[in-house]
Amino acid sequence: MLPSICPSCQSQLKVKSLVCESCHTEVSGLYDLPLLAQLQPSEQDFIVKFVKSSGSLKEMAKELSLSYPTVRNLLNDIISKIDDYEK
């Protein structure tokens, strides 16, 4: 899993370089992480399950063995985080 938070100061990390494993070309710069990569692994997993369930919170609640309101709150928390990242 790609780290997104600095272990020393808890600031958002940025990508400095990318390397092609095939030809070893390297691209350097200072790039923001994609929005979804900035979320915690558990939040990314939630989003994958959400998409696979066609966005059905009822199905998500059943799969996660949680109540519908709990799943709705988890989704609201992720939405709020995404809104904050987009500012």
Side-chain angles (χ1 to χ4, degrees):
M1 181 63 61
L2 182 66
S4 62
I5 302 295
C6 174
S8 297
C9 70
Q10 306 306 306
S11 294
Q12 186 69 47
L13 292 173
K14 294 194 180 251
V15 176
K16 187 171 182 179
S17 69
L18 299 166
V19 177
C20 174
E21 288 184 330
S22 178
C23 70
H24 306 288
T25 296
E26 185 171 333
V27 179
S28 295
L30 196 57
Y31 308 102
D32 290 330
L33 289 171
L35 183 100
L36 296 179
Q38 296 176 42
L39 296 172
Q40 296 297 316
S42 61
E43 295 165 331
Q44 293 175 22
D45 183 53
F46 181 93
I47 291 171
V48 169
K49 288 178 181 168
F50 182 73
V51 170
K52 286 177 140 183
S53 72
S54 299
S56 170
L57 294 181
K58 186 176 180 179
E59 191 175 317
M60 290 283 297
K62 186 188 303 183
E63 181 180 336
L64 298 173
S65 300
L66 298 171
S67 70
Y68 180 93
T70 299
V71 173
R72 180 73 237 185
N73 287 336
L74 290 170
L75 180 59
N76 287 342
D77 291 344
I78 292 171
I79 291 169
S80 178
K81 234 180 183 181
I82 289 171
D83 286 343
D84 289 344
Y85 288 151
E86 290 181 325
K87 291 181 183 175

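Residues: numbered from 1 along the sequence shown. The model shown is predicted, which means the values in this text are computed figures rather than measured ones.
The CG atom of L64 lies 10.0 Å from the CG atom of L57; values are rounded to the nearest 0.5 Å. Rounded to the nearest 0.5 Å, atoms CD (E59) and NZ (K52) are 11.5 Å apart. One finds the CD1 atom of I47 at 5.0 Å from the CG atom of L39 (value rounded to the nearest 0.5 Å). To the nearest 0.5 Å, the span separating OH on Y85 from CG on L33 amounts to 9.5 Å.
Listed by chain and number, the residues in a side chain to side chain donor-acceptor pair (under 3.5 Å) with Q38 amount to none (sequence neighbours excluded).
The two residues S28 and E26 make their nearest non-hydrogen contact at OG-OE2, 3.5 Å.
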For F50 and M60, what are the C-alpha separation, side-chain angles and deciding distance, and is it a side chain to side chain contact (heavy atoms under 4.5 Å, CB included)?
-> CA-CA 7 Å; F50 182 73; M60 290 283 297; 4.2 Å; yes
Without placing hydrogens or testing angles, list every side-chain donor-acceptor pair under 3.5 Å for residues 68-81, not counting sequence neighbours.
residue : atom : partner : partner atom : Å
T70     : OG1  : S67     : OG           : 2.8
R72     : NE   : N76     : OD1          : 3.2
R72     : NH2  : N76     : OD1          : 2.8
N73     : ND2  : P69     : O            : 3.3
N76     : ND2  : R72     : O            : 3.4
K81     : NZ   : E43     : OE1          : 3.0
K81     : NZ   : E43     : OE2          : 3.0

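Ion pairing of K49 with D45 is present here, as a side-chain N (NZ or NE/NH1/NH2) and a carboxylate O approach within less than 4.0 Å.
Checking side-chain atoms of Q12 against main-chain N and O of I5 turns up no donor-acceptor pair under 3.5 Å. Under a 3.5 Å cut-off, the side chain of S56 and the backbone N or O of S53 do not form any donor-acceptor pair.
Note: the hydrophobic cluster containing L2 also contains Y31 (ILVMFWY, side chain heavy atoms under 4.5 Å, direct or indirect links).
Put simply, the side chain of S17 does not reach to within 4.5 Å of the side chain of V27, judged on heavy atoms. Considering only heavy atoms from C-beta on, L13 stays 4.5 Å or farther from S4 through its side chain.
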